[in-house]
Student: 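Starting off with a structure, shown below.
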Amino acid sequence: MSKFLKGTFILLIAGLITRVLGFINRIVIARSIGEEGVGLYMMAFPTFILVVTLTQMGLPVAISKNIAEAEAKGNHQEIKKILVVSLAITISLSLIFTPALILLAPILSTTLFTDPRTFYPLIAIAPVVPVIAVSSVLRGYFQGRQNMRPSAISQILEQLVRITLIAVMTRAFLPYGIEYAAAAAMVAAIVGEVVSLIYLMTAFKLKKRFKLRKKFFQFVHSGKKTFKDLMEIALPTMGSRMIGSVSWFFEPIVVAHSLAIAGVVAIEATKQYGSLTGFAMPLLMLPSFITYSLATSLVPAISEANSQNNHQLIEHRLQQALRFAFLSGGLSVIVLYVLADPLMELMYGSTKGSYFIRIMAPFFLFYYYQGPLQAVLQALNLARAAMINSLIGAVIKTAVIFVLASQPAFGITGVALGIIVGFVLVTMLHFATVLKKISFSFHVREYLKGAVIMGISAWIGYWLFNHILLGEHLAIRVMSAASGMSFFYIFLLILAGLIKKEELQRIPIIRNLIPIR
């Protein structure tokens, strides 16, 4: 198995585990602090992501790409220089932005979010910024060497620690108020990130081929060329992420003010935003662990192929990634669309948010494509184009949200529609940009087959849930219907030739346990 496929497979398994743990985490939060608490949590969270984006400065992708190229040449001195310069940048920036977040928290909570209670989650999350800054550099190092195991294990550890603490901490602080419980959820995330960093540092110390601290500042002073090389990728990448982070930062602000114009009071707006972003969106974004795994593995793999001018390999890996994103995303779409109400009832004890799932699920196939496409653009030195595409999408999304959400006829539904418009547009722009750079065959017949199979599988799931399994416990009905859909979906994909036997044989579990002849 190639490094690309092996790395992707490791990240897929880790991503699946962390997503399951993440859902448990969200279920605990939702059941502990309700829609209002989740709304406070989700209003503060985009601000934190914005500060992290500023601190990381787009370096994880640049580190991964540059280390992959240096590794291909066997230049260990350059690898050390990349790490030293990157750590110097991120640590310096974290020492600036962490105090800034603490100082600005009162203004952000009262003026922009229109809910003073967001002050407490904002303050609680600030100390984790330097931790994430260092962790991101180490993850970029391991990903550049196409060793995905440390990143995967660190993600699982972070989620396990967070879940262990979150139930205890939210319940302990809930008597003091919803805002304190939301802040406690943030503190649990901090402890998880610290444990993750400790593991990454240990793994790095055991596997490194050089002494990082030796002549550290000498490498910083002599790293002007390395700094320039990193910034060529990092700045446009940061631009793309900044656009997404700034857009997400302004999203709850625009939503709060738009819903106020539509006549929705602040507390109700917080609840509605919590239902959309805290309940519905995590379910819709479930397959993103697959696209994240693909995107993370694609950057060093395509960078390596591009440095060797192997255009055929670039197209092959892109085709693999996009087909995998389509097939896995298709299964998620039909399961979520058919079982929206019972899934929400099982997970959160309420069907609030299922309406958003049914509106948004069919369009989320575009979102699942976005990560791999952006990774390819970054690996081909087209991060600037990706940034411009993201900017266009963010501006249009924010405008649509403001126009629709401020209308009483749309309200919070307008927010959902604006989010859809944003990611569909960005994905289409990314795809158009990739087509300009590399030759790419688009197999229309395969996608039509996939769409038909999705429709048949969805009908089977609906029939199972609403006719065959009546009278059973809700959990049994949901699991049985989802399993039935998944079985028929995969069976029909193999029957139609969209999943090939030789591809299944490359998966270690299937190759070792269920040999295919």
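Just so it is clear, the structure is predicted and the values come from calculations on it, not from any experiment.
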Student: Could you walk me through whether S457 and L492 pass the side chain to side chain contact (heavy atoms under 4.5 Å, CB included) test, one step at a time?
Tutor: CA-CA 9 Å; S457 303; L492 291 172; 4.1 Å; yes

Student: Take atom OH of Y447 as the centre, draw a 6.0 Å sphere, and report whether it contains more than 12 heavy atoms from other residues, nucleotides or ligands.
Tutor: yes

Student: Does I166 offer a backbone N or O that forms a donor-acceptor pair with the side chain of T170 under 3.5 Å?
Tutor: yes

Student: Applying side-chain hydrogen bond (donor to acceptor under 3.5 Å, both in side chains), name anything that partners E158, two or more places apart in sequence or on another chain.
Tutor: R162

Student: Which atom pairs, one a donor and one an acceptor, fall under 3.5 Å between side chains of residues 416-430 and the rest of the protein, sequence neighbours left out?
Tutor:
residue: T427; atom: OG1; partner: F366; partner atom: O; Å: 2.8
residue: T427; atom: OG1; partner: Q370; partner atom: NE2; Å: 3.3
residue: T427; atom: OG1; partner: F423; partner atom: O; Å: 2.9
residue: H430; atom: ND1; partner: N389; partner atom: ND2; Å: 3.1
residue: H430; atom: NE2; partner: Q374; partner atom: OE1; Å: 3.0

Student: Specify the closest pair of heavy atoms between A361 and L284, including all atoms of both residues, with the distance to one decimal.
Tutor: CA-CD2, 3.7 Å

Student: For A385 versus T433, what's the shortest heavy-atom pair and its separation?
Tutor: CB-CG2, 3.7 Å

Student: How about M485 and L339: do any of their side-chain heavy atoms sit closer than 4.5 Å?
Tutor: yes

Student: Looking at residues at least two apart in the chain, or sitting in another chain, which of them share a ring-ring contact (aromatic ring centres under 6.0 Å, His included) with Y337?
Tutor: none

Student: Are there over 12 heavy-atom neighbours, none belonging to Y367, within less than 6.0 Å of that residue's OH?
Tutor: no

Student: Do M281 and F364 have side chains that get closer than 4.5 Å, going by heavy atoms?
Tutor: yes

Student: Side-chain contact, heavy-atom cut-off 4.5 Å: I476 with H473?
Tutor: yes

Student: Among all residues two or more places apart in sequence or in another chain, which pass the side-chain hydrogen bond (donor to acceptor under 3.5 Å, both in side chains) test with Y368?
Tutor: none

Student: Can you run down the salt bridge (Lys or Arg N to Asp or Glu O under 4.0 Å) pairs that involve residues 244-260, sequence neighbours left out, and say none if there aren't any?
Tutor: E251-K397

Student: Mind checking side-chain hydrogen bond (donor to acceptor under 3.5 Å, both in side chains) for Y462 and listing every partner two or more places apart, or none if nothing turns up?
Tutor: none

Student: Within the structure provided, determine whether L331 and M454 are in side-chain contact (heavy-atom separation under 4.5 Å).
Tutor: no

Student: Just to verify, what does R139 make a side-chain hydrogen bond (donor to acceptor under 3.5 Å, both in side chains) with, not counting sequence neighbours?
Tutor: S154, S196

Student: Side-chain contact, heavy-atom cut-off 4.5 Å: I314 with L380?
Tutor: yes

Student: Scan residues 334-343 for pairs that pass salt bridge (Lys or Arg N to Asp or Glu O under 4.0 Å), counting only residues two or more places apart or in two chains.
Tutor: D341-R358

Student: Please tell me if the side chains of R445 and K449 come closer than 4.5 Å, counting only heavy atoms from C-beta onward.
Tutor: yes

Student: If you measure from CD on E446 to CG on L493, what distance do you get to the nearest 0.5 Å?
Tutor: 10.5 Å

Student: So, the side chain of S406 versus the backbone of V403: is there a donor-acceptor pair under 3.5 Å, distance only?
Tutor: yes

Student: With a 4.5 Å cut-off on side-chain heavy atoms, are F326 and Y369 touching?
Tutor: yes

Student: What distance separates K436 NZ from L377 CG, expressed to the nearest 0.5 Å?
Tutor: 11.0 Å

Student: Does A68 have any side chain to side chain contact (heavy atoms under 4.5 Å, CB included) partners at least two apart in sequence or in another chain, and if so, which?
Tutor: P300

Student: If you take all heavy atoms of A340 and I357, which pair is closest and at what distance?
Tutor: CB-CG2, 3.9 Å

Student: Nearest 0.5 angstrom please: H316 NE2 to I302 CD1, how far?
Tutor: 11.0 Å

Student: Do you know the tightest heavy-atom contact between L259 and G411?
Tutor: CD2-C, 3.7 Å

Student: Kindly indicate whether the side chain of L200, heavy atoms from C-beta on, has any atom under 4.5 Å from the side chain of P150.
Tutor: yes

Student: When the aromatic ring centroids of F488 and F491 are compared, is their separation below 6.0 Å?
Tutor: no

Student: Quick one: closest heavy-atom pair of A481 and F465, and the distance?
Tutor: CB-CB, 4.0 Å

Student: Just how far is it from atom CG of L318 to atom CG of L322, taken to the nearest 0.5 Å?
Tutor: 4.5 Å

Student: Test of understanding: with ring-ring contact (aromatic ring centres under 6.0 Å, His included), list the residues that count as partners of F487, not counting sequence neighbours.
Tutor: none

Student: Roughly how far apart are Y489 OH and S328 OG, rounded to 0.5 Å?
Tutor: 7.5 Å

Student: What residue pairs, at least two apart or across chains, pass salt bridge (Lys or Arg N to Asp or Glu O under 4.0 Å) with a residue in residues 488-498?
Tutor: none

Student: Atom CG of L404 and atom CD1 of I412: how far apart are they, to the nearest 0.5 Å?
Tutor: 11.5 Å

Student: Between M344 and A280, what is the shortest heavy-atom contact and its length?
Tutor: CE-N, 4.2 Å

Student: Tell me every residue that passes ring-ring contact (aromatic ring centres under 6.0 Å, His included) with F402, counting only those two or more places apart in sequence or in another chain.
Tutor: none

